[in-house]
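Step one of this worksheet: look at the structure below.
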Amino acid sequence: MLRAFRDAFRIPDLQRKIIFTLLLLAIYRLGNAIPTPGINSDALANGSGNNSLLNLIGLISGGNLAKFSIFALGVLPYITASIVIQLLTTSLPPLEKLSKEGEEGRKKINSYTRYAAIILGTVQATIFSIFVTRDAANIAPGWDPGVFTILVMVLTQVAGIAFTMWLGERMTEVGLGNGISLIIMAGIIARYPAEISATAALFRSGNLTILPLLGFIVVVLLVIAGIVYVYQAERRVPVQYARKQVGGKSYGGQATFLPIKVNQAGVIPVIFASAMLIVPNLIQSATATRAPAVSTFIQRYLSSGSVWYTVLEVLLIVGFTYLYNSVQFDPRRIAEQLREAGGFVPGVRPGAATAEFLGKISTRISLWGAIFLALLTIVPQIVQKLTGVTTFQFSGTGLLIIVGVALETLRQLESQLTVRRYDGFISKGRIRGRLQE
(Lines give C-alpha, C1' and ligand atoms only; values in the text may rest on other atoms or scores of the structure.)
Protein backbone atom coordinates (compact mmCIF):
# COMPACT_ATOMS: atom_id res chain seq x y z
CA MET A 1 0.00 0.00 0.00
CA LEU A 2 2.75 2.45 0.94
CA ARG A 3 4.58 1.56 -2.26
CA ALA A 4 1.47 2.37 -4.31
CA PHE A 5 1.18 5.83 -2.73
CA ARG A 6 4.90 6.42 -3.21
CA ASP A 7 4.66 5.50 -6.90
CA ALA A 8 1.53 7.63 -7.30
CA PHE A 9 3.30 10.78 -6.07
CA ARG A 10 6.00 10.21 -8.70
CA ILE A 11 3.42 10.54 -11.49
CA PRO A 12 2.31 14.19 -11.96
CA ASP A 13 -1.21 13.29 -13.11
CA LEU A 14 -1.94 11.07 -10.10
CA GLN A 15 -0.26 13.55 -7.79
CA ARG A 16 -2.70 16.25 -8.98
CA LYS A 17 -5.65 13.89 -8.46
CA ILE A 18 -4.61 13.11 -4.88
CA ILE A 19 -3.96 16.77 -4.00
CA PHE A 20 -7.29 17.82 -5.56
CA THR A 21 -9.16 15.17 -3.55
CA LEU A 22 -7.46 16.19 -0.29
CA LEU A 23 -8.24 19.85 -0.99
CA LEU A 24 -11.96 19.17 -1.46
CA LEU A 25 -12.01 17.05 1.70
CA ALA A 26 -10.39 19.96 3.56
CA ILE A 27 -13.15 22.28 2.26
CA TYR A 28 -15.78 19.82 3.48
CA ARG A 29 -14.20 19.63 6.93
CA LEU A 30 -13.95 23.43 7.07
CA GLY A 31 -17.68 23.69 6.39
CA ASN A 32 -18.38 21.40 9.33
CA ALA A 33 -16.82 24.00 11.62
CA ILE A 34 -19.28 26.72 10.48
CA PRO A 35 -22.50 26.66 12.54
CA THR A 36 -25.91 27.13 10.99
CA PRO A 37 -27.27 30.70 11.39
CA GLY A 38 -29.41 31.02 14.50
CA ILE A 39 -27.80 28.10 16.37
CA ASN A 40 -25.88 28.28 19.64
CA SER A 41 -23.46 25.47 18.76
CA ASP A 42 -21.89 25.24 22.24
CA ALA A 43 -25.23 24.79 23.98
CA LEU A 44 -26.38 22.27 21.38
CA ALA A 45 -23.15 20.24 21.71
CA ASN A 46 -23.49 20.13 25.50
CA GLY A 47 -27.15 19.13 25.31
CA SER A 48 -26.68 16.48 22.63
CA GLY A 49 -24.52 14.39 24.89
CA ASN A 50 -27.62 13.33 26.84
CA ASN A 51 -29.87 12.97 23.79
CA SER A 52 -29.85 9.41 22.47
CA LEU A 53 -31.83 10.36 19.37
CA LEU A 54 -29.39 13.08 18.37
CA ASN A 55 -26.42 10.81 19.10
CA LEU A 56 -27.86 8.00 16.97
CA ILE A 57 -28.59 10.25 13.99
CA GLY A 58 -25.22 11.94 14.42
CA LEU A 59 -23.46 8.58 14.20
CA ILE A 60 -25.23 7.75 10.92
CA SER A 61 -24.46 11.17 9.42
CA GLY A 62 -20.77 10.99 10.36
CA GLY A 63 -20.92 12.79 13.70
CA ASN A 64 -21.51 16.26 12.19
CA LEU A 65 -24.92 16.84 13.77
CA ALA A 66 -23.63 17.67 17.26
CA LYS A 67 -23.05 21.35 16.42
CA PHE A 68 -25.62 21.52 13.60
CA SER A 69 -23.12 22.98 11.14
CA ILE A 70 -23.96 24.00 7.58
CA PHE A 71 -22.97 20.47 6.52
CA ALA A 72 -24.76 18.77 9.43
CA LEU A 73 -26.74 16.36 7.26
CA GLY A 74 -23.82 15.89 4.87
CA VAL A 75 -24.48 13.13 2.36
CA LEU A 76 -27.11 11.35 4.48
CA PRO A 77 -30.03 12.40 2.22
CA TYR A 78 -28.03 11.40 -0.86
CA ILE A 79 -27.28 7.97 0.62
CA THR A 80 -30.95 7.44 1.46
CA ALA A 81 -32.04 8.58 -2.01
CA SER A 82 -29.41 6.35 -3.69
CA ILE A 83 -30.62 3.30 -1.78
CA VAL A 84 -34.27 4.02 -2.61
CA ILE A 85 -33.55 4.62 -6.32
CA GLN A 86 -31.37 1.51 -6.42
CA LEU A 87 -34.17 -0.61 -4.98
CA LEU A 88 -36.75 0.96 -7.31
CA THR A 89 -34.54 0.30 -10.35
CA THR A 90 -35.15 -3.43 -10.02
CA SER A 91 -38.92 -3.08 -9.49
CA LEU A 92 -40.00 -0.17 -11.75
CA PRO A 93 -39.81 -0.95 -15.51
CA PRO A 94 -38.96 2.66 -16.58
CA LEU A 95 -35.98 2.84 -14.21
CA GLU A 96 -34.91 -0.68 -15.14
CA LYS A 97 -34.99 0.33 -18.81
CA LEU A 98 -32.87 3.41 -18.06
CA SER A 99 -30.29 1.29 -16.23
CA LYS A 100 -29.77 -0.74 -19.42
CA GLU A 101 -29.20 2.29 -21.66
CA GLY A 102 -25.54 2.68 -20.80
CA GLU A 103 -23.96 6.02 -19.92
CA GLU A 104 -26.98 8.16 -20.82
CA GLY A 105 -29.29 6.06 -18.67
CA ARG A 106 -26.85 6.24 -15.77
CA LYS A 107 -26.76 10.05 -16.03
CA LYS A 108 -30.56 10.26 -15.90
CA ILE A 109 -30.72 7.95 -12.88
CA ASN A 110 -28.06 10.07 -11.14
CA SER A 111 -30.13 13.17 -11.90
CA TYR A 112 -33.23 11.57 -10.35
CA THR A 113 -31.12 10.62 -7.31
CA ARG A 114 -30.02 14.25 -6.84
CA TYR A 115 -33.60 15.52 -7.00
CA ALA A 116 -34.73 12.86 -4.54
CA ALA A 117 -31.83 13.77 -2.22
CA ILE A 118 -32.86 17.44 -2.21
CA ILE A 119 -36.48 16.52 -1.43
CA LEU A 120 -35.48 14.12 1.36
CA GLY A 121 -32.93 16.63 2.63
CA THR A 122 -35.60 19.33 2.85
CA VAL A 123 -37.85 17.04 4.89
CA GLN A 124 -35.01 15.94 7.17
CA ALA A 125 -33.71 19.49 7.61
CA THR A 126 -37.21 20.67 8.58
CA ILE A 127 -37.61 17.89 11.16
CA PHE A 128 -34.17 18.48 12.70
CA SER A 129 -34.63 22.27 12.72
CA ILE A 130 -37.94 21.99 14.56
CA PHE A 131 -36.40 19.44 16.94
CA VAL A 132 -33.41 21.68 17.71
CA THR A 133 -35.44 24.88 18.21
CA ARG A 134 -37.66 23.22 20.80
CA ASP A 135 -35.02 24.13 23.40
CA ALA A 136 -34.57 27.89 23.67
CA ALA A 137 -30.98 27.39 24.90
CA ASN A 138 -30.00 26.14 21.44
CA ILE A 139 -30.99 29.45 19.82
CA ALA A 140 -28.24 32.03 19.31
CA PRO A 141 -28.63 35.48 20.93
CA GLY A 142 -30.68 37.82 18.77
CA TRP A 143 -32.68 35.03 17.15
CA ASP A 144 -36.24 33.96 17.96
CA PRO A 145 -37.35 30.30 17.80
CA GLY A 146 -39.96 31.15 15.18
CA VAL A 147 -40.83 30.30 11.61
CA PHE A 148 -38.21 32.66 10.14
CA THR A 149 -35.38 30.99 12.09
CA ILE A 150 -36.54 27.52 11.07
CA LEU A 151 -36.78 28.66 7.42
CA VAL A 152 -33.22 30.03 7.50
CA MET A 153 -31.95 26.76 9.01
CA VAL A 154 -33.74 24.63 6.42
CA LEU A 155 -32.45 26.71 3.50
CA THR A 156 -28.92 26.57 4.90
CA GLN A 157 -29.04 22.80 5.31
CA VAL A 158 -30.46 22.24 1.81
CA ALA A 159 -27.72 24.43 0.34
CA GLY A 160 -25.15 22.45 2.35
CA ILE A 161 -26.56 19.16 1.04
CA ALA A 162 -26.36 20.39 -2.58
CA PHE A 163 -22.81 21.67 -2.12
CA THR A 164 -21.72 18.41 -0.45
CA MET A 165 -23.12 16.40 -3.37
CA TRP A 166 -21.23 18.68 -5.77
CA LEU A 167 -18.00 18.12 -3.83
CA GLY A 168 -18.49 14.36 -3.95
CA GLU A 169 -19.15 14.35 -7.70
CA ARG A 170 -16.07 16.50 -8.39
CA MET A 171 -13.91 14.10 -6.38
CA THR A 172 -15.25 11.15 -8.35
CA GLU A 173 -14.81 12.80 -11.76
CA VAL A 174 -11.55 14.73 -11.28
CA GLY A 175 -9.98 13.28 -8.14
CA LEU A 176 -9.32 9.77 -6.91
CA GLY A 177 -11.86 7.33 -5.47
CA ASN A 178 -15.58 7.63 -4.86
CA GLY A 179 -16.23 11.15 -3.57
CA ILE A 180 -19.38 10.40 -1.55
CA SER A 181 -17.69 7.46 0.18
CA LEU A 182 -14.59 9.54 0.94
CA ILE A 183 -16.75 12.28 2.49
CA ILE A 184 -18.43 9.72 4.76
CA MET A 185 -15.07 8.26 5.74
CA ALA A 186 -13.66 11.74 6.45
CA GLY A 187 -16.60 12.51 8.75
CA ILE A 188 -16.00 9.32 10.74
CA ILE A 189 -12.22 9.65 10.96
CA ALA A 190 -12.47 13.31 12.04
CA ARG A 191 -13.88 12.20 15.39
CA TYR A 192 -11.00 9.85 16.21
CA PRO A 193 -8.31 12.37 17.32
CA ALA A 194 -10.56 13.86 20.02
CA GLU A 195 -11.71 10.42 21.16
CA ILE A 196 -8.14 9.08 21.29
CA SER A 197 -7.11 12.14 23.30
CA ALA A 198 -10.01 11.61 25.73
CA THR A 199 -9.06 7.94 26.13
CA ALA A 200 -5.44 8.90 26.83
CA ALA A 201 -6.61 11.41 29.44
CA LEU A 202 -8.74 8.69 31.03
CA PHE A 203 -5.67 6.44 31.20
CA ARG A 204 -3.45 9.18 32.68
CA SER A 205 -6.01 9.95 35.36
CA GLY A 206 -5.94 6.33 36.53
CA ASN A 207 -9.59 5.58 35.66
CA LEU A 208 -8.42 3.16 32.96
CA THR A 209 -5.73 0.51 33.52
CA ILE A 210 -3.28 -0.88 30.99
CA LEU A 211 -4.82 -4.35 30.55
CA PRO A 212 -8.33 -3.21 29.53
CA LEU A 213 -6.76 -0.62 27.20
CA LEU A 214 -4.53 -3.23 25.54
CA GLY A 215 -7.48 -5.62 25.26
CA PHE A 216 -9.54 -2.88 23.62
CA ILE A 217 -6.78 -2.15 21.08
CA VAL A 218 -6.34 -5.85 20.28
CA VAL A 219 -10.07 -6.29 19.68
CA VAL A 220 -10.14 -3.24 17.38
CA LEU A 221 -7.25 -4.65 15.33
CA LEU A 222 -8.92 -8.06 15.14
CA VAL A 223 -12.17 -6.47 13.99
CA ILE A 224 -10.32 -4.55 11.27
CA ALA A 225 -8.59 -7.76 10.12
CA GLY A 226 -11.94 -9.57 10.09
CA ILE A 227 -13.54 -6.79 8.05
CA VAL A 228 -10.74 -6.94 5.46
CA TYR A 229 -11.10 -10.73 5.23
CA VAL A 230 -14.90 -10.77 4.90
CA TYR A 231 -15.01 -7.72 2.63
CA GLN A 232 -12.91 -9.51 0.02
CA ALA A 233 -14.41 -12.97 0.59
CA GLU A 234 -16.54 -14.33 -2.24
CA ARG A 235 -17.96 -17.58 -3.58
CA ARG A 236 -16.78 -18.16 -7.14
CA VAL A 237 -19.32 -20.16 -9.12
CA PRO A 238 -17.62 -21.73 -12.18
CA VAL A 239 -19.14 -20.78 -15.53
CA GLN A 240 -18.32 -22.37 -18.89
CA TYR A 241 -19.20 -20.75 -22.23
CA ALA A 242 -20.01 -22.92 -25.23
CA ARG A 243 -17.74 -22.75 -28.26
CA LYS A 244 -19.33 -21.19 -31.37
CA GLN A 245 -18.22 -21.74 -34.95
CA VAL A 246 -18.62 -18.63 -37.14
CA GLY A 247 -17.24 -19.15 -40.62
CA GLY A 248 -13.77 -20.57 -40.30
CA LYS A 249 -13.20 -19.23 -36.80
CA SER A 250 -14.37 -20.47 -33.41
CA TYR A 251 -15.38 -18.16 -30.57
CA GLY A 252 -16.05 -18.70 -26.89
CA GLY A 253 -15.28 -21.85 -25.02
CA GLN A 254 -13.51 -20.05 -22.17
CA ALA A 255 -14.02 -20.91 -18.51
CA THR A 256 -14.65 -18.15 -15.98
CA PHE A 257 -16.52 -17.70 -12.71
CA LEU A 258 -19.43 -15.76 -11.25
CA PRO A 259 -18.36 -14.01 -7.99
CA ILE A 260 -20.90 -13.81 -5.17
CA LYS A 261 -19.66 -11.74 -2.24
CA VAL A 262 -20.25 -12.82 1.34
CA ASN A 263 -21.20 -9.28 2.34
CA GLN A 264 -23.16 -8.21 -0.74
CA ALA A 265 -25.21 -5.57 1.07
CA GLY A 266 -22.31 -3.68 2.70
CA VAL A 267 -23.46 -1.40 5.51
CA ILE A 268 -26.93 -0.78 4.07
CA PRO A 269 -28.76 -3.26 6.40
CA VAL A 270 -27.13 -1.59 9.43
CA ILE A 271 -28.21 1.85 8.18
CA PHE A 272 -31.76 0.63 7.59
CA ALA A 273 -31.91 -1.00 11.03
CA SER A 274 -30.61 2.17 12.71
CA ALA A 275 -33.16 4.26 10.81
CA MET A 276 -36.00 1.97 11.95
CA LEU A 277 -34.83 2.11 15.56
CA ILE A 278 -35.01 5.90 15.46
CA VAL A 279 -38.83 5.56 15.54
CA PRO A 280 -39.02 4.36 19.20
CA ASN A 281 -36.73 7.24 20.21
CA LEU A 282 -39.02 9.70 18.42
CA ILE A 283 -42.06 8.23 20.19
CA GLN A 284 -40.25 8.35 23.54
CA SER A 285 -39.30 11.99 23.03
CA ALA A 286 -42.85 12.93 21.98
CA THR A 287 -44.58 11.10 24.85
CA ALA A 288 -42.23 12.17 27.65
CA THR A 289 -44.83 14.53 29.15
CA ARG A 290 -48.10 13.39 27.57
CA ALA A 291 -47.79 9.63 28.16
CA PRO A 292 -45.16 8.92 30.83
CA ALA A 293 -45.97 5.19 30.91
CA VAL A 294 -45.23 4.78 27.21
CA SER A 295 -42.07 6.86 27.51
CA THR A 296 -40.86 4.81 30.49
CA PHE A 297 -41.54 1.52 28.70
CA ILE A 298 -39.57 2.59 25.61
CA GLN A 299 -36.73 3.96 27.73
CA ARG A 300 -36.49 0.71 29.70
CA TYR A 301 -36.77 -1.86 26.91
CA LEU A 302 -36.00 -0.07 23.63
CA SER A 303 -33.26 2.37 24.63
CA SER A 304 -29.83 2.03 23.06
CA GLY A 305 -27.75 -0.61 24.88
CA SER A 306 -30.63 -2.61 26.37
CA VAL A 307 -31.01 -6.34 25.69
CA TRP A 308 -34.29 -6.04 23.76
CA TYR A 309 -32.91 -3.16 21.71
CA THR A 310 -29.91 -5.30 20.71
CA VAL A 311 -32.10 -8.31 19.87
CA LEU A 312 -34.40 -6.16 17.74
CA GLU A 313 -31.42 -4.56 16.00
CA VAL A 314 -29.94 -7.97 15.13
CA LEU A 315 -33.28 -9.22 13.75
CA LEU A 316 -33.66 -6.08 11.64
CA ILE A 317 -30.11 -6.43 10.29
CA VAL A 318 -30.73 -10.06 9.29
CA GLY A 319 -34.07 -9.19 7.69
CA PHE A 320 -32.74 -6.20 5.74
CA THR A 321 -29.71 -8.24 4.59
CA TYR A 322 -31.94 -10.86 3.00
CA LEU A 323 -34.29 -8.18 1.59
CA TYR A 324 -31.50 -6.16 -0.01
CA ASN A 325 -29.70 -9.22 -1.40
CA SER A 326 -32.94 -10.60 -2.88
CA VAL A 327 -33.47 -7.32 -4.72
CA GLN A 328 -29.87 -6.86 -5.91
CA PHE A 329 -29.06 -10.49 -6.74
CA ASP A 330 -31.80 -11.97 -8.94
CA PRO A 331 -30.93 -15.61 -9.74
CA ARG A 332 -33.55 -15.84 -12.51
CA ARG A 333 -32.22 -12.78 -14.32
CA ILE A 334 -28.61 -13.97 -14.02
CA ALA A 335 -29.54 -17.49 -15.22
CA GLU A 336 -31.35 -15.98 -18.21
CA GLN A 337 -28.35 -13.79 -19.06
CA LEU A 338 -26.03 -16.79 -18.87
CA ARG A 339 -28.31 -18.82 -21.13
CA GLU A 340 -28.53 -16.03 -23.70
CA ALA A 341 -24.73 -15.64 -23.71
CA GLY A 342 -24.19 -19.37 -24.15
CA GLY A 343 -22.89 -19.84 -20.62
CA PHE A 344 -23.73 -22.57 -18.12
CA VAL A 345 -22.66 -23.82 -14.71
CA PRO A 346 -20.95 -27.22 -15.10
CA GLY A 347 -23.20 -30.00 -13.84
CA VAL A 348 -26.32 -27.78 -13.70
CA ARG A 349 -28.94 -27.46 -16.43
CA PRO A 350 -29.42 -23.97 -17.90
CA GLY A 351 -32.58 -22.05 -17.03
CA ALA A 352 -34.68 -22.81 -13.94
CA ALA A 353 -32.17 -25.29 -12.49
CA THR A 354 -29.37 -22.71 -12.68
CA ALA A 355 -31.59 -20.08 -11.06
CA GLU A 356 -32.44 -22.48 -8.22
CA PHE A 357 -28.75 -23.38 -7.80
CA LEU A 358 -27.65 -19.72 -7.62
CA GLY A 359 -30.56 -18.91 -5.29
CA LYS A 360 -29.44 -21.55 -2.77
CA ILE A 361 -25.87 -20.25 -2.82
CA SER A 362 -27.03 -16.64 -2.37
CA THR A 363 -29.32 -17.61 0.54
CA ARG A 364 -26.54 -19.45 2.39
CA ILE A 365 -23.97 -16.71 1.83
CA SER A 366 -26.48 -14.03 2.89
CA LEU A 367 -26.83 -15.78 6.25
CA TRP A 368 -23.09 -15.50 6.91
CA GLY A 369 -23.12 -11.88 5.74
CA ALA A 370 -25.99 -11.11 8.11
CA ILE A 371 -24.21 -12.80 11.03
CA PHE A 372 -21.07 -10.80 10.22
CA LEU A 373 -22.98 -7.49 10.27
CA ALA A 374 -24.77 -8.45 13.49
CA LEU A 375 -21.44 -9.24 15.16
CA LEU A 376 -20.07 -5.87 14.02
CA THR A 377 -22.98 -4.28 15.87
CA ILE A 378 -22.87 -6.37 19.05
CA VAL A 379 -19.11 -6.82 19.62
CA PRO A 380 -18.30 -3.09 20.12
CA GLN A 381 -21.04 -2.77 22.74
CA ILE A 382 -19.78 -5.81 24.66
CA VAL A 383 -16.13 -4.70 24.42
CA GLN A 384 -16.90 -1.21 25.73
CA LYS A 385 -18.78 -2.63 28.71
CA LEU A 386 -16.02 -5.12 29.55
CA THR A 387 -13.06 -2.76 29.14
CA GLY A 388 -14.71 0.45 30.35
CA VAL A 389 -13.38 2.42 27.36
CA THR A 390 -16.39 4.67 26.80
CA THR A 391 -14.51 7.69 25.49
CA PHE A 392 -13.82 6.04 22.11
CA GLN A 393 -16.89 5.41 19.95
CA PHE A 394 -15.92 1.91 18.79
CA SER A 395 -18.37 1.38 15.92
CA GLY A 396 -18.19 -1.70 13.73
CA THR A 397 -20.24 0.12 11.10
CA GLY A 398 -17.78 3.01 11.03
CA LEU A 399 -14.81 0.64 10.73
CA LEU A 400 -16.58 -1.25 7.93
CA ILE A 401 -17.06 2.00 6.00
CA ILE A 402 -13.46 3.11 6.55
CA VAL A 403 -11.93 -0.23 5.56
CA GLY A 404 -14.23 -0.65 2.55
CA VAL A 405 -13.57 2.85 1.20
CA ALA A 406 -9.83 2.50 1.81
CA LEU A 407 -9.68 -0.82 -0.06
CA GLU A 408 -11.70 0.51 -3.01
CA THR A 409 -9.58 3.67 -3.23
CA LEU A 410 -6.36 1.66 -3.07
CA ARG A 411 -7.69 -0.69 -5.76
CA GLN A 412 -8.49 2.26 -8.02
CA LEU A 413 -5.06 3.77 -7.35
CA GLU A 414 -3.34 0.51 -8.29
CA SER A 415 -5.40 0.25 -11.49
CA GLN A 416 -4.39 3.82 -12.41
CA LEU A 417 -0.74 2.91 -11.83
CA THR A 418 -1.11 -0.22 -13.98
CA VAL A 419 -2.63 1.78 -16.85
CA ARG A 420 0.19 4.30 -16.76
CA ARG A 421 2.81 1.57 -16.67
CA TYR A 422 1.29 0.04 -19.79
CA ASP A 423 1.12 3.48 -21.40
CA GLY A 424 4.85 3.90 -20.77
CA PHE A 425 5.58 0.46 -22.18
CA ILE A 426 3.52 1.17 -25.32
CA SER A 427 5.18 4.57 -25.77
CA LYS A 428 8.65 3.02 -25.52
CA GLY A 429 7.64 0.36 -28.06
CA ARG A 430 6.48 2.99 -30.50
CA ILE A 431 9.73 4.95 -30.10
CA ARG A 432 11.79 1.83 -30.68
CA GLY A 433 9.73 0.99 -33.77
CA ARG A 434 10.26 4.43 -35.21
CA LEU A 435 14.00 4.25 -34.55
CA GLN A 436 14.19 0.90 -36.31
CA GLU A 437 12.38 2.38 -39.32
Q) Partners of K360 by salt bridge (charged side-chain N to carboxylate O under 4.0 Å, His left out), sequence neighbours excluded? A) E356
**Q.** Q124 vs L73 side-chain heavy atoms within contact, under 4.5 Å
**A.** yes
Q. Would you say E408 and N178 make side-chain contact, with heavy atoms under 4.5 Å?
A. no
Q) Does some side-chain heavy atom of F216 sit less than 4.5 Å from a side-chain heavy atom of T199? A) no
Q) Could you state the interatomic distance from CZ (R191) to CD1 (I196), rounded to the nearest 0.5 Å? A) 12.0 Å
(Q) Give me each pair satisfying ring-ring contact (aromatic ring centres under 6.0 Å, His included) with a member in residues 365-391, each pair once, sequence neighbours excluded. (A) none
Q: Determine whether S362 and Q264 make a side-chain contact, defined as any pair of heavy atoms from C-beta on separated by less than 4.5 Å.
A: yes
Q: Could you tell me which non-hydrogen atom of I70 sits nearest to which non-hydrogen atom of G31, and how far apart they are?
A: CG1-O, 3.2 Å
Q: Would you check if N110 and I85 make a side-chain contact, meaning some heavy-atom pair closer than 4.5 Å?
A: no
Q) Does the side chain of Q157 pick up a donor-acceptor pair with the side chain of T36 at under 3.5 Å? A) yes
**Q.** Heavy-atom side-chain proximity of F257 to V237 below 4.5 angstrom
**A.** no
(Q) Suppose the criterion is salt bridge (Lys or Arg N to Asp or Glu O under 4.0 Å): which pairs have a residue in residues 146-171, not counting sequence neighbours? (A) R114-E169, R170-E173
Q: Would you indicate whether the side-chain heavy atoms of N263 and K261 approach each other to under 4.5 Å?
A: no
Q | side chain to side chain contact (heavy atoms under 4.5 Å, CB included) between I401 and I188, worked out | A | CA-CA 9 Å; I401 293 174; I188 298 173; 3.9 Å; yes
(Q) Under 3.5 Å, is there a donor on one side chain and an acceptor on the other for S366 and N325? (A) yes
Q: Just grab all the salt bridge (Lys or Arg N to Asp or Glu O under 4.0 Å) pairs involving residues 212-234, residues at least two apart or on different chains.
A: E234-R236
Q: Return the minimal non-hydrogen interatomic distance between V154 and S129, and the atom names on each side.
A: CG2-OG, 3.8 Å
Q.
Tell me which pairs pass ring-ring contact (aromatic ring centres under 6.0 Å, His included) where either residue lies in residues 138-185, with sequence neighbours left out.
A. F71-F163, F163-W166
Q.
Using the ring-ring contact (aromatic ring centres under 6.0 Å, His included) criterion, which residues pair with F320? Sequence neighbours excluded.
A. F272
Q) Does any non-hydrogen side-chain atom of M153 lie less than 4.5 Å from one of T149? A) yes
Q.
Between the side chains of E414 and R411, is the shortest nitrogen-to-carboxylate-oxygen separation below 4.0 Å, so that they form an ion pair?
A. no
